[in-house]
Amino acid sequence: MYRVRVRSVPPVVLALRRFPNPRLTGIGAGLFAALTMFVLACVDRLLFDSSELVYGLLFLPVSALTALWVRPADLVTAPISVPIAFAVGVFPISGGSEGLGGQIMGLVTALAVHAGWLYGGTLVAGLIASVRKVRQMRARRRYVLAQGAKGSQGAKGSQGAKTPQGALGRGAAPGRAPRGAATASSTAKPVRAGAGTTAAARRPQRP
């Protein structure tokens, strides 16, 4: 008797499976990340006085969700849209002076100061996108191999079911008479019983 081992799923994995799993396009994932970071930056400015630590910590899970929720066809866009979202979100907490020039200088300064968080979030998004891409390629390869194995098995079964053509040409099929014998039997005339004795009796006997 073989015992089937049932692997217990960790509670963390079960909790993650309960979360929604949408499939966003590249543009949709970028808009999601940008709007989320902008709202979080506004909350950070109101509650935490534009804390760099809070903004950076919130940027990491947003980057991970962006890479997880983008559809497989647009995985390349995840590491690109995350830095753009970081720049959009850092604008409320940049602390620039009045005027367009002062706001731009404050934004550039904030990006330079928060470069560590920016690289960290981009790295997280790139790693998750790479892992998803590798898993997608492996699944596609397994699918192709499975389809090839099914095709080869079907071809072998069809070849075994076919009758060789040489066997039909070498010998006659069972239950059928040869073609020559059938022709000879059809051309031969039937001979009635007693026909030979009647002909011999009609002939006159010579003296």
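Scanning both residues, Gly30 and Ser81, for their nearest heavy atoms gives CA-CB, 3.6 Å. Here the closest non-hydrogen pair linking Val124 and Ala64 is CG1-CB, 4.0 Å. In terms of heavy-atom proximity, Ala85 sits nearest to Ala34 at CB-N, 3.4 Å. The minimum heavy-atom distance between Leu58 and Met37, with the atom names listed, is O-SD, 4.3 Å. In terms of heavy atoms, Ala67 sits closest to Ala129 at CB-N, 4.3 Å.
Under a cut-off of 6.0 angstrom, the local environment of CD1 in Ile27 is sparse, with at most 12 non-hydrogen atoms contributed by other residues, nucleotides or ligands. Residue Arg135 qualifies as open at atom CZ: its count of foreign heavy atoms under 6.0 Å is 12 or below.
Residues Arg23 and Val70 fail the side-chain proximity criterion, which asks for heavy atoms closer than 4.5 Å. Residues Phe59 and Val82 are in side-chain contact: their nearest non-hydrogen atoms beyond the backbone lie under 4.5 Å apart. Thr122 is not listed as a side-chain neighbour of Ser63, based on a closest heavy-atom distance of 4.5 Å or more. Phe48 has its side chain out of reach of Leu53: every pair of non-hydrogen atoms, C-beta onward, lies at least 4.5 Å apart. The closest side-chain heavy-atom distance from Asp74 to Arg71 is below 4.5 Å.
Arg132 places a side-chain N or O within donor-acceptor distance of the main-chain N or O of Leu68, the cut-off being under 3.5 Å. With hydrogens and angles disregarded, no donor-acceptor distance shorter than 3.5 Å links the side chain of Thr36 to the backbone of Ala33. Checked by atom type and distance alone, the side chain of Arg45 pairs as donor or acceptor with a backbone atom of Pro92 at under 3.5 Å. Asp44 places a side-chain N or O within 3.5 Å of a backbone atom of Ser51 that can act as its donor or acceptor partner.
Under the 4.5 Å side-chain heavy-atom criterion for ILVMFWY residues, a single connected hydrophobic cluster contains both Val43 and Val90. In this structure, Leu118 is not a member of the same hydrophobic cluster as Val88, with clusters built from ILVMFWY side-chain heavy atoms closer than 4.5 Å. Hydrophobic clustering places Val54 together with Leu40 (ILVMFWY residues linked when any side-chain heavy atoms are closer than 4.5 Å, directly or through intermediates). Cluster membership for Leu57 and Ile93, using ILVMFWY side-chain heavy atoms within less than 4.5 angstrom, is shared.
For Phe86 and Tyr55, the gap between ring centers is short of 6.0 Å.
By the 30° and 60° cut-offs, the orientation of the rings of Trp69 relative to Phe32 is tilted.
Atom OG1 of Thr66 is separated from atom CD1 of Ile80 by 13.0 Å, given to the nearest 0.5 angstrom.
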